[in-house]
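What you are looking at is a predicted structure, and each value in this text was computed from that prediction instead of being measured. Ligands are counted one by one from 1 in listed order, and the atoms in each one are counted from 1 as well.
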Amino acid sequence: MNMTISHEDELLQSTVRSFIADVVIPHEEVTDTLGEVPEEIGREIEAKSKELGLYASNLPENVGGGGLNYTQSSLVEREFGRTSHALHSWIARPTELLMACAGDQIDTYLAPCVTGEKRELFALTEPEAGSDAMGMKTNARRDGDDWILNGSKHFISAPTMADFAIVFAVTGMDETPRGSRKRITAFLVDRDMPGVVFREGNKCVSNRGYKTYELIFEDVRLGPGQVLGEEGKGFDLAGQWLGMGRIWVGATCCGKAERMLELATDWAANRKQFGKPIGSFQATGFRLADMTIGLRTADLLVADAVRRADAGMMEDQDAAMVKVYCSEMLNKVADDTVQIFGGMGLMEELPIQRLWRDSRIERIWDGTSEIQRHIITRSILRPLGA
Ligand SMILES: Cc1cc2nc3c(=O)[nH]c(=O)nc-3n(C[C@H](O)[C@H](O)[C@H](O)COP(=O)(O)OP(=O)(O)OC[C@H]3O[C@@H](n4cnc5c(N)ncnc54)[C@H](O)[C@@H]3O)c2cc1C
């Protein structure tokens, strides 16, 4: 690691690294080949992660979680990043949005997600509303005290079929100084409610075996107890979680880049051409040097952002910088690793091609690089009134 961490945090990090190496990485190849995580493997990862206290480690201890602070969570996520998301996502870290559960929602949704009896989906994206989340058409209209939900979501991802989804829907229009704006509310929607369909959707070549689902809602009746947080405050809720989610993406990118750099370094030291290790050619050596600089810089950005978050001072642009820099650094490292391996880098017999494919999603999900740059640009220009 490229930062000073306490002895306790170092122990946490090395425990997770061994867990990933011994329990998770051995299942990468079979998962990629089958295009899914066999149920028994997923359950084994889930059970062993519970024994180690890694399950729900992101949530506070007072709700049964692991109570990790943001710095510790970033170390854990970095180690998870060394392997496929299809596998490490079996170690559930329920979305912090569930901390908004109140009354009966705590026993019905939050508590079972902490113990692993239930799993949730975060359902924002729609076929016609990706980067433009405000373009969403899914809506809920009032009917007495109830809501009637209609619409659809896609690319909603999880390691396995979930029990319920946090669904974002339009519940009206607000007048703001910048014009009228859709009013967005978050709802807790069970898979077995009448009018609800959760079904497997497109298959992604990054992290093969990590599933995406389509969600369809046809006149779904939701009682007032299904609103998560306050009506009309769905984006405020999502915003709190999306920022940290982008930092976790950054941390996982560092873990994956580190693994690729180790593989590339080993290959460069041992593969010989023209009678010499290829690492002794400046073109390869400098490539390794640049990969190392990129990784060090990315680690420092993550460390800076989590310190800000732990101090309650992190802003949207901090998370955006982490997301864009770390994911682009990873993609450069992945491409350079393939180049250093030459033809073998693209052969199914080695993990390089898989890590390269797995890296590609990081520039897209949780907001594309372009959207992150919009966020950063806005933070620069808005204070000037532009
Ligand atoms: C495997 C996977 C899992 C996912 N999991 C979830 C999930 O669990 N929950 C969820 O809600 N969503 C999920 N998503 C959705 C993900 O967040 C979106 O894919 C992402 O936000 C981009 O939306 P899009 O794919 O529709 O691309 P589009 O929005 O169609 O963008 C296409 C291209 O246009 C660019 N673009 C768009 N608008 C602008 C602009 N204003 N300026 C410059 N460039 C622009 C984009 O950057 C991109 O390069 C997942 C996606 C994938 C692939």
Side-chain angles (χ1 to χ4, degrees), residues 31-32 35-37 81 84-90 92-98 113 119-138 151-170 184-189 191 198-217 228 234-235 237-246 248-250 252-253 256 316 319-320 323-324 327-328 330-331 354 357-378 381:
T31 296
D32 193 60
E36 69 174 13
V37 180
S84 165
H85 201 91
L87 289 160
H88 76 67
S89 58
W90 281 80
R93 285 86 82 198
T95 162
E96 284 94 8
L97 248 73
L98 289 172
C113 283
R119 281 184 180 267
E120 87 286 6
L121 297 170
F122 175 87
L124 180 64
T125 304
E126 299 183 3
E128 290 173 52
S131 300
D132 178 17
M134 268 296 181
M136 79 169 63
K137 293 188 177 141
T138 297
S152 66
K153 301 281 176 184
H154 85 157
F155 287 173
I156 308 308
S157 54
T160 185
M161 182 60 90
D163 303 276
F164 70 97
I166 301 171
V167 178
F168 294 83
V170 181
I184 309 291
T185 301
F187 292 94
L188 295 158
V189 181
R191 192 181 77 223
F198 287 8
R199 65 179 178 216
E200 277 193 44
N202 304 88
K203 291 189 193 308
C204 188
V205 299
S206 269
N207 302 304
R208 264 198 185 130
Y210 185 61
K211 304 206 169 159
T212 76
Y213 294 92
E214 286 174 18
L215 279 47
I216 298 163
F217 312 108
L228 180 64
F235 268 9
L237 254 190
Q240 289 167 21
W241 180 75
L242 283 176
M244 288 320 294
R246 287 171 182 159
W248 307 148
V249 170
T252 58
C253 288
K256 199 174 298 304
D316 288 350
K323 169 76 171 55
V324 74
S327 61
E328 293 187 359
L330 170 63
N331 274 258
R354 192 172 66 238
R357 269 187 285 118
D358 289 355
S359 302
R360 192 60 185 84
I361 186 67
E362 308 291 358
R363 286 163 54 199
I364 294 173
W365 61 10
D366 278 283
T368 64
S369 286
E370 292 74 21
I371 294 306
Q372 305 308 323
R373 286 191 167 86
H374 271 299
I375 294 169
I376 299 163
T377 310
R378 198 177 54 202
L381 292 178

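Considering backbone and side-chain atoms together, L124 places an N or O closer than 3.5 Å to an N or O of ligand 1.
Residue contact check for ligand 1: K153 places no non-hydrogen atom closer than 4.0 Å to it.
For the residue pair S369/E328, the side-chain donor-acceptor check at 3.5 Å is satisfied. Neither side chain, S84 nor Y210, offers a donor N or O lying under 3.5 Å from an acceptor on the other. No side-chain donor from either of S131 and E370 sits under 3.5 Å from a side-chain acceptor of the other.
The part of T368 lying near ligand 1 is the side chain, judged by heavy-atom distances below 4.0 Å. Counting heavy atoms closer than 4.0 Å to ligand 1, residue D366 contributes backbone atoms (N, CA, C, O) but none from C-beta onward.
Residues K153 and L121 are not in side-chain contact: their nearest non-hydrogen atoms beyond the backbone lie 4.5 Å or more apart.
At least one donor-acceptor pair under 3.5 Å links the side chain of R119 to the backbone N or O of W90. The closest donor-acceptor contact from the side chain of N207 to the backbone of A86 lies at 3.5 Å or more, if one exists at all. Between the side chain of T212 and the backbone N or O of I156, no donor-acceptor pair lies under 3.5 Å. With hydrogens and angles disregarded, no donor-acceptor distance shorter than 3.5 Å links the side chain of K323 to the backbone of Q372. Side-chain N or O atoms of E126 include one that pairs as donor or acceptor with a backbone N or O of T138 at under 3.5 Å.
Of the protein's non-hydrogen atoms, H374 NE2, 2.9 Å is the one closest to atom 42 (N) of ligand 1. For atom 29 (O) of ligand 1, the closest non-hydrogen atom on the protein side is S131 OG, 2.7 Å. Nearest protein heavy-atom contact of atom 15 (C) of ligand 1 is T125 OG1, 3.2 Å. At the top of the distance list for atom 20 (C) of ligand 1, counting protein heavy atoms only, stands I364 O, 3.6 Å.
Residue nearest to atom 4 (C) of ligand 1, selected from F155, F122, F168: F155 (by heavy-atom distance). Scanning E120, K211, R363, E370 for the heavy atom closest to atom 45 (C) of ligand 1 points to E370.
Contact atoms of ligand 1 toward W365: 1 (C), 2 (C), 3 (C) (distance under 4.0 Å to a heavy atom of the residue).
The nearest protein heavy atom to atom 53 (C) of ligand 1 is closer than 4.0 Å. Under the 4.0 Å distance rule, the nearest protein heavy atom to atom 34 (O) of ligand 1 falls outside the cut-off. Protein heavy atoms are found inside the 4.0 Å sphere centred on atom 9 (N) of ligand 1.
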